[in-house]
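Below is one structure, written out as structure tokens; comments come after it.
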Amino acid sequence: MSDGKRAEMLKKAKDAMVGKKPEGNEHKIIGKKDEEITVTQADLPETPVLFLQGCEGCGFTFAPNVTVVKVLIEGLKRCKVEFECTFSSAWFSTLSERRMFLSG
């Protein structure tokens, strides 16, 4: 898929979300570099919708006791995301990702 087509799809997805109420409480992890991050329930608000954005070379692990509504992933480079958690709704969505490693 070309970069132009990918950008167009991303813009349409973002435009579709304008004015819509999220399904939970937003929590963002943004701009981390070369870190190993374990997400625990204590780190998150009630009914969390988690955004992983603009991180590079990171490993994200969701602890087994974590419950999230949704995980949105955008702009990750060389990151690994491991899920051992529970999704109470739709589970994850990627926006503009070319390659990523997901494990669950």
Side-chain angles (χ1 to χ4, degrees):
M1 179 182 304
S2 72
D3 286 341
K5 181 70 172 172
R6 186 174 292 109
E8 180 184 332
M9 289 174 60
L10 177 58
K11 183 181 180 329
K12 283 182 183 179
K14 286 182 177 180
D15 289 346
M17 295 303 294
V18 171
K20 291 188 178 179
K21 186 175 184 224
E23 298 151 30
N25 296 306
E26 190 175 287
H27 181 79
K28 293 185 178 186
I29 300 175
I30 301 172
K32 301 292 184 179
K33 186 169 183 180
D34 299 322
E35 294 184 40
E36 291 297 320
I37 299 167
T38 299
V39 179
T40 66
Q41 199 68 51
D43 300 328
L44 302 171
E46 185 178 332
T47 61
V49 173
L50 182 61
F51 289 78
L52 304 177
Q53 297 176 318
C55 299
E56 184 175 343
C58 292
F60 297 95
T61 301
F62 289 74
N65 66 333
V66 171
T67 299
V68 295
V69 175
K70 186 180 285 186
V71 178
L72 301 167
I73 299 170
E74 180 177 11
L76 300 187
K77 296 178 183 175
R78 299 181 295 105
C79 291
K80 178 180 177 180
V81 182
E82 294 185 68
F83 299 104
E84 295 181 27
C85 63
T86 301
F87 292 92
S88 63
S89 179
W91 58 295
F92 76 91
S93 177
T94 61
L95 305 172
S96 74
E97 301 314 309
R98 294 182 183 174
R99 290 182 298 179
M100 96 175 37
F101 179 79
L102 300 172
S103 175

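Keep in mind that this is a model prediction, so the values were computed, not measured.
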Pairs in or reaching into residues 48-59: which pass salt bridge (Lys or Arg N to Asp or Glu O under 4.0 Å), with residues at least two apart or in two chains?
->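 Listed by first then second residue: Glu56-Arg78.
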What are the two closest heavy atoms between [X] and [Y], and how far apart are they?
X: Cys79; Y: Cys55; answer: SG-O, 3.6 Å
X: Thr67; Y: Pro48; answer: O-CG, 3.4 Å
X: Ile73; Y: Leu76; answer: CG2-CD1, 3.3 Å

With Asn25, which of Thr47, Leu50, Leu44 fulfils side-chain contact (heavy atoms from CB on, under 4.5 Å)?
->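 Single pass found, and it is Thr47.
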Taking side-chain hydrogen bond (donor to acceptor under 3.5 Å, both in side chains) as the test, write out the residues that go with Gln41, two or more places apart.
->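 side-chain hydrogen bond (donor to acceptor under 3.5 Å, both in side chains) check on Gln41 returns nothing, list empty.
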Atom pairs and distances, donor-acceptor, side-chain atoms in residues 27-39, under 3.5 Å, two or more places apart:
none

Reported CD-to-CZ distance for the pair Glu82 and Phe62, which is rounded to 0.5 angstrom =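 Rounded to the nearest 0.5 Å, the CD-CZ separation comes out at 10.5 Å.
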